[in-house]
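Heads up, the thing below is written out as structure tokens.
Proteins come first, then strands; the chains are lettered A, B, ... in the order of their sequence lines, and each starts at number 1.
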Amino acid sequence: MPVQLPFNQTLIKVADQAYFLKSFFRNIFKKGFEWDEFFRQLYVIGYRSIGIVALTGFILGVVLTLQSIPSFKAFGAEGYIPGMVSVSVIREIGPVIIALICAGKIASSIGAELGSMSVTEQIDAMEVSGANPVQFLVVTRILACTIMIPLLTVFADGMALVGSYLANAASSGISLHLFFYKATNILDYGDLLPAFIKTIFFGFAIGFIGCFKGFSANGGTASVGTAANSAVVTASVWIIIIDAIIVQVGNSLLYS
Amino acid sequence: MATEKVIEIEGLKKSFGDKTVLNGMSLFVNKGENLVILGKSGTGKSVTIKCIAGLLTQDEGSLKVFGEEVKNMNEEQLKALRNRIGFLFQSAALYDSMTVRENLAFPLKRVAHLKDKEQIEALCIEVLEAVGLEDAIDKMPADLSGGMRKRMGLARTLILKPEIILYDEPTTGLDTITSREISKLILDMQERYQTSAVIITHDMSCAKITADKVMVMNEGKCVAEGNYEELENSSDQFIQSFFK
Ligand SMILES: Nc1ncnc2c1ncn2[C@@H]1O[C@H](COP(=O)(O)OP(=O)(O)OP(=O)(O)O)[C@@H](O)[C@H]1O
Ligand SMILES: [Mg+2]
């Protein structure tokens, strides 16, 4: 048995992921798309995360506002707070924080669910019966994540603005109308579009890594925990990497 | 008319890492025949039938089902083959997130492509009655006892009326009465639909009822083969030990 070098193992892992990605794309357009399961996943993913996403967004807005008030006040620039909050939340903080939270919540639960199906031979059973487990389990979950994570992020951004407005109004008595005018006036497509596109990739990464780790679990119940755990870690790392790439690409497309 | 061999295995070898599990396993099953495999725990019985279903691929040797080498099949061919094979997992492998009804409907909708709700329902009830589980149709697998899960797994395997059925310990964990009923059900499937089967079991009464041919496995290969009476009266100590 040849000893496998760490580099070799990494290559094998990359090859496995590439193979998994290929089988996902091959199965998207196959006949017999699992609509029922797809809608069930949309619901499960959205419903499971909406509470925590709303809370996170809201607190994010409040905290960001309260933190900025003293320093903005020193320069007499409180009027810029709504714009500052909305740009920073919508462009960067919102998508990344929500994606990281969803990595913890959704990637782990997909990893654990599919992992336990894999170790209890349920995935083998589907395959042996002639059904298509990739189509039923993987395609539906990845697509549902790719759709729901952007929507959850938009919702969280909205909640952040609400939080920011309340914090602002409490300290300076700004009107709702004025706040939202200032917060939205400053945004242009260059802020919104890359941020939105980014969340689509985040959603894809979360679903993909969750499914991949779940399917790769083999070897007893302990590997279910490992699958869930490494789904969170890997998805989080991917989110950071995708963020960095998209900032670069976005900047060079928009501002050069 | 020459009997058709539906499964033909020659010199099968399979290792996991540096652990050799199958070491020159050979067997064949004729059409309409029940082959019972006996053997100690961990000798590779489950691995053998997983190879037959294409879930595992052998390292060496040939494995033909319906005359075609499974190893060389592409995805479509493998899928077509699997439509003709039923597999009862040792662990039952029920879909945890679905009710008993949904578990049964799953292959009916996706493999048999049935659309009619009433027809699906009728088939579910028919097969549940056969395994004595008609009351459990709305339960979740987690609410079933070990023996019920096993029978449920059997129901899901039988519902598509496959031509070859691979039973991995169909009666383990069942009481003697249910166990005999399941054995009779296996026999009934064979008689009614001319199914061929490989039955892995440690339950000698099941073996006695179902077997046309018995095979004893040890350390990854076949060490004895014959009908039930021949092996029961064998002079070999090791083979004798299974029949006591
Ligand atoms: N996927 C796998 N990866 C690594 N080793 C495996 C795998 N599947 C089986 N084995 C090993 O192969 C050997 C034979 O396993 P198998 O499940 O075929 O035994 P068995 O004859 O069915 O035993 P039992 O009667 O207990 O079910 C075992 O030692 C097991 O550890
Ligand atoms: Mg076994």
Side-chain angles (χ1 to χ4, degrees), chain A residues 1-4 9 12 19 22-27 30-41 43-45 48 109-110 112-141 144 214-215 217-221 224, chain B residues 15-20 46 49-56 70 75-98 102-113 115 141-142 149 152-154 156-162 164-166 168:
Chain A
M1 188 70 199
V3 180
Q4 298 212 325
Q9 283 174 352
I12 290 172
Y19 183 78
K22 190 178 127 200
S23 84
F24 163 72
F25 280 114
R26 277 186 33 196
N27 280 292
K30 272 225 178 110
K31 214 175 86 207
F33 185 82
E34 301 277 356
W35 287 105
D36 288 352
E37 177 70 7
F38 173 65
F39 285 120
R40 198 177 75 86
Q41 287 304 320
Y43 173 75
V44 166
I45 290 167
R48 242 191 231 154
S109 75
I110 293 178
E113 185 192 12
L114 299 193
S116 71
M117 288 187 78
S118 168
V119 301
T120 57
E121 300 180 311
Q122 292 176 50
I123 293 177
D124 284 347
M126 275 184 196
E127 207 168 320
V128 152
S129 76
N132 184 338
V134 175
Q135 194 175 29
F136 182 72
L137 299 169
V138 176
V139 170
T140 53
R141 279 166 179 72
F215 258 60
N218 56 353
T221 37
V224 178
Chain B
S15 314
F16 294 102
D18 50 6
K19 186 171 187 303
T20 303
S46 298
I49 60 170
K50 280 183 187 165
C51 288
I52 296 175
L55 284 174
L56 293 172
V70 175
E75 205 174 315
E76 293 305 312
Q77 289 169 317
L78 198 56
K79 195 171 166 184
L81 172 68
R82 283 167 173 170
N83 290 349
R84 304 169 72 184
I85 295 186
F87 197 117
L88 173 66
F89 283 83
Q90 194 168 356
S91 60
L94 304 181
Y95 308 136
D96 285 334
S97 58
M98 304 179 202
E102 287 163 345
N103 260 279
L104 294 173
F106 189 89
L108 288 179
K109 286 183 188 157
R110 288 169 184 78
V111 183
H113 299 291
K115 298 245 158 53
R149 291 174 67 87
M152 173 57 211
L154 187 62
R156 199 183 60 193
T157 310
L158 300 184
I159 201 162
L160 290 174
K161 313 231 161 54
I164 298 179
I165 309 183
L166 309 169
D168 201 342

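What you find for B/F106 and A/A131 is that their closest heavy atoms are CE2-CB, 3.6 Å. When all heavy atoms of A/G130 and B/K79 are compared, the closest pair comes out as O-CE, 3.0 Å. B/Y95 and A/S129 get closest at one heavy-atom pair: OH-OG, 4.4 Å.
Heavy atoms closer than 4.5 Å to chain A are found in both the backbone and the side chain of B/R82. Looking at B/R156, the atoms closer than 4.5 Å to chain A (heavy atoms on both sides) all sit in the side chain, from C-beta outward. For chain A, no part of B/K109 is nearby; none of its heavy atoms comes within less than 4.5 Å.
Note that CG of B/L55 is 11.5 Å distant from CD1 of A/I123, once rounded to the nearest 0.5 Å. To the nearest 0.5 Å, atom CD of residue B/E75 and atom CG of residue A/N132 are 7.0 Å apart. Interatomic distance, B/S91 OG to A/Q122 CD, rounded to the nearest 0.5 Å: 8.5 Å. Considering CD of A/E121 and CZ of B/F87, their distance stands at 7.0 Å, rounded to 0.5 Å.
Looking only at side-chain heavy atoms (C-beta outward), B/R110 and A/F136 come within less than 4.5 Å of each other.
Chain A forms the most heavy-atom pairs under 4.5 Å with one residue out of B/L94, B/L160, B/T157, and that residue is B/L94. The candidate from A/E34, A/Q135, A/M117 with the greatest count of non-hydrogen atom pairs under 4.5 Å with chain B is A/E34. Of all the listed residues (B/N83, B/L166, B/D96), the one sharing the greatest number of non-hydrogen pairs under 4.5 Å with chain A is B/D96.
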